[in-house]
Amino acid sequence: MIPETLAPLFVVLQENVAAAPAIPEGDFQLGMAALAVGLAAFGAGYAERGIGAAAVGAVAEDDDMFGRGLILTVIPETLVILALVVVFLTL
Amino acid sequence: MSAQYGGPAGEASNYEYVTARVSARRASLFDEDDYRKLVRMGTGEIARFMEETEYGREMNALGARYSGVDLIEYALNRNLAKHFNDLLRWATGEAYDYIARYLRKFDAWNVKTALRGIYSEAGADAIRSDYIRAGEFDDDLLEQLAVADSVEAAIETLEQTIFADALREAYDDYEETNLLVPLENAVDRVFFEDIDEGLPSRVQADRATELYIEFITAEIDFSNVRNALRLARSGADMDPAAYFIDGGRLFDAEELRQLVGNRDQLVEHIRESIYGDDLAEALTELEESDDIVRFENVLDAALLAFADRLANRYPPSVCSVLSYILAKEREVDNIRAIARGREADLAPEEIETELVML
């Protein structure tokens, strides 16, 4: 779902590059890197939505689940960290 | 509380939240060890045991008014209603809709309770305390039902509900035979006919809806099996089609009519159906012992196992809620059976055969 909605954006970005260097080369790379982190963060957020809801449910039934629920909820954050790693390595 | 159809339109379902809470509650239900302890207790001990479990609040609230087995029974009913109202409180969107539809079971139960109470002249108080307030009916309506002085008046009270038409039709039958059976059947049929009303067909449904339909179909089929076997056993000269609930896929009305006459064929038919594997144990039990109560218990256990399997295969769906509802009902039935059994001084082994256990 997400790739389809974003596809036109890439096309526009590519066309811009091909037609006229409206954005200087370096800025473009920076922009794509920002987009990569943003998309990763979006994915993490989407994943956390379900886990967080379930974790709150579990905590509501049993307080001891708080620690485990918190850890499970933030596990998708690794997606963002990985994206940051990739960005730092490539820039 | 009231359960209305539809829920807030367009709102997304929160299956994750509901499933997590429901799973936690499912896990804290009594297990076999608890039952084994309970069947060896006297009624007083059972009451004390329950005070220390999650029935404590209800036991304390009702303790001043009732005692002994009645206290246990009313506490069970009230606890059941509390938990099922909780389900509706948590759920949103589609999930709410499905749960509300399924909980109409208790509207059917309340209507039947009221009719039986009026029929046997048990008095408004007895009816009131036997209600399970988990359905759509509000307290006013239930109160009016309880104080109705004849079956006819009770049916008139239900004018605004989905049960009205069916009950009015069945009323002539009731007047003729002076038996409640036609009315009770009408109520059951309305419930099962209403439950899949307006749902997309199996082919178009998304996964959650499909599982819901599958579960309901299984429940209808199992009810039909139960009715068919009861009829086959009693040998009564009644038209099986009158007891047939539409919507199952195990047999249609015509098949049922033929099969009721011949029990071996009926058992064979079930064995070859898609439920064959699930019910194999129950059917063998039936053939060996010819004990229909035992068979019905195994049938209940099979339905519960079926719901659990659906819930397991597709966790974020309404199935885990349905399996919890079933499991909770079983627990309440079991505790009630134990308490009543102990009151009647049955041996622990005898009571154990009456329990539904997985």
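Lettering follows sequence order; numbering is per chain, from 1.
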Non-hydrogen atoms of A:A53 and B:E16 that approach each other most closely: CB-CB, 4.1 Å
Heavy-atom count around A:R68 CZ within 6.0 Å, excluding the residue itself: above 12? no
Do you know which of A:D62, A:V56, A:I51, A:V59 has the most heavy-atom pairs under 4.5 Å to chain B? A:V56
Near B:R57 CZ, under 6.0 Å, is it more than 12 heavy atoms from other residues, nucleotides or ligands? no
Do you know which two heavy atoms are closest between B:R21 and A:A60, and how far apart they sit? CZ-CB, 3.5 Å
Among B:S28, B:A20, B:P316, residue most engaged with chain A (heavy-atom pairs, under 4.5 Å): B:A20
More than 12 heavy atoms from other groups under 6.0 Å of CH2 on B:W109: no
